[in-house]
Amino acid sequence: MEKRKLTIGHLYPDLLNLYGDRGNIQCFRKRLEWRGMDSEVISVLSGEQADFSKLDIVLLGGGSDREQRLVCEYLLKIKDEFKAYVEDGGVVLAVCGGYQLLGRSYKTNDEVIEGLGILDLETQWQAERLVENIVLKSDLFSMPVVGFENHGGRTYIGEHTPLGKVLFGNGNAEGAGYEGVVYKNVIASYLHGPLLPKNPQVCDYLLSKALKRKYGEEIALEPLDDSLEKAANEELYKRFVG
């Protein structure tokens, strides 16, 4: 039997890697490797075109407002291809700036940055940053989702389904009560840390979606020894939620 393999596209890591987003790439790769599966990473650098037909997972990370402006110029050139990939069930993890760029627009203090419009949401900048540990309860997972948020944008998600209910922290905006978005096989979130090493359940969810899309069948992921990750998750939950 041919060894299963996923190809991960890392969009503009030379500009969008403000919060160690490569850690999410490493988590994808190691959890595949530990199960006897292969992976390949294609880094799409500034000015390059992404070929979504070759990609099984896409990571769009975070950056400063200046870097987001630059990235948006590149992304708008592949807007239609990116949207088609998402609508076809392509797997995407978008973190912080990447989350914002999937929406219609990001309003800063002096301009409006046009987004891709893949998600029906908008973000507005405020001077006071939301910086806090954060814990979510998500209907997708039995374990809480934990991480760290550090964002000036307030994201308003309209009718979209949130990633989870905020048990501790801020989330999409003060008082919103919810964090992130789940749309088709897209997870968009403000959670850093990076997100996936702290939350192996989220990583495996995305891997399962990508494997099913590529191979046309449900592929059961062999359980891994996540005792350390689960212990850390439980400790963070107890510390901040009680």
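Environment of NZ in K165: sparse, with no more than 12 heavy atoms of neighbouring residues, nucleotides or ligands closer than 6.0 Å. Within a 6.0 Å sphere centred on CD of Q49, other residues, nucleotides and ligands contribute more than 12 heavy atoms. Applying the 6.0 Å contact sphere to CD of E33 captures more than 12 heavy atoms from other residues, nucleotides or ligands. No more than 12 heavy atoms of other residues, nucleotides or ligands shown are found within 6.0 angstrom of CG on D139. Around the NZ atom of K212, the shell of radius 6.0 Å holds no more than 12 heavy atoms that belong to other residues, nucleotides or ligands. Taking a 6.0 Å sphere around NZ of K198, one finds it holds more than 12 heavy atoms contributed by other residues, nucleotides or ligands.
One finds a salt bridge joining E217 and R4 here, because a Lys/Arg side-chain nitrogen approaches an Asp/Glu carboxylate oxygen to under 4.0 Å.
The shortest heavy-atom contact between Y183 and E87 is OH-OE2, 2.7 Å. The nearest pair of heavy atoms linking P197 to E229 is O-CG, 3.8 Å. Across all their heavy atoms, I78 and A50 have their closest contact at CD1-CB, 4.1 Å. Of all heavy-atom pairs between L55 and R213, the closest is O-NH1, 3.8 Å. Counting all heavy atoms, side chain and backbone alike, G90 lies closest to V186 at O-CG2, 4.5 Å. Smallest separation of non-hydrogen atoms from P194 and N24: CB-OD1, 3.5 Å.
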**Request:** Using the salt bridge (Lys or Arg N to Asp or Glu O under 4.0 Å) rule, take D225 and K230 through it: C-alpha gap first, then chi angles, then the decisive distance, then the call.
**Result:** CA-CA 9 Å; D225 180 5; K230 290 178 179 178; over 6 Å; no
**Asked** Would K238 and E235 satisfy salt bridge (Lys or Arg N to Asp or Glu O under 4.0 Å), going step by step from the backbone distance to the final call?
**Response** CA-CA 5 Å; K238 289 179 178 179; E235 175 61 28; 5.9 Å; no
**Request:** Might you work through the side chain to side chain contact (heavy atoms under 4.5 Å, CB included) test for D56 and V91, ending with a clear yes or no?
**Result:** CA-CA 6 Å; D56 303 306; V91 173; over 6 Å; no
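At least one side-chain heavy atom of V166 sits less than 4.5 Å from a side-chain heavy atom of L136. Between F168 and E132, some side-chain heavy-atom pair lies under the 4.5 Å cut-off. The shortest side-chain heavy-atom distance between M37 and K5 does not fall under the 4.5 Å cut-off.
For E179 and S189, the side-chain atoms include at least one donor-acceptor pair closer than 3.5 Å. R154 and N172 are not linked by any side-chain donor-acceptor pair at a separation below 3.5 angstrom, with hydrogens and angles left out of the test. A donor atom on one side chain and an acceptor atom on the other are not found under 3.5 Å apart for Y106 and E111.
Listed for the S43 side chain is no donor-acceptor partner under 3.5 Å among the backbone atoms of L45. A donor-acceptor pair is defined here as one N or O able to donate and one able to accept, closer than 3.5 Å; such a pair exists between the side chain of R129 and the backbone of N150.
Taking the six-membered ring for Trp, Y190 and H151 have ring centres closer than 6.0 Å.
Taking E114 as the reference, nothing meets the side-chain hydrogen bond (donor to acceptor under 3.5 Å, both in side chains) condition, with sequence neighbours excluded. By the side-chain hydrogen bond (donor to acceptor under 3.5 Å, both in side chains) test, Q126 pairs with no residue at all, sequence neighbours left out. Qualifying side-chain contact (heavy atoms from CB on, under 4.5 Å) partners for L236, counting only residues two or more places apart in sequence or in other chains: V146, R239, F240. Looking at residues two or more places apart in sequence or on another chain, you find a side-chain contact (heavy atoms from CB on, under 4.5 Å) between Q201 and F141, M143, V145, N199, N233. Not a single salt bridge (charged side-chain N to carboxylate O under 4.0 Å, His left out) links E159 to another residue, sequence neighbours left out.
Remark: L119 CG to Y99 OH distance equals 8.0 Å, nearest 0.5 Å. Note that NE2 of H192 is 10.0 Å distant from CD1 of I134, once rounded to the nearest 0.5 Å.
Within the structure, ring-ring contact (aromatic ring centres under 6.0 Å, His included) pairs that include any residue of residues 34-57 comprise F52-F82, F52-Y85 (at least two apart or interchain).
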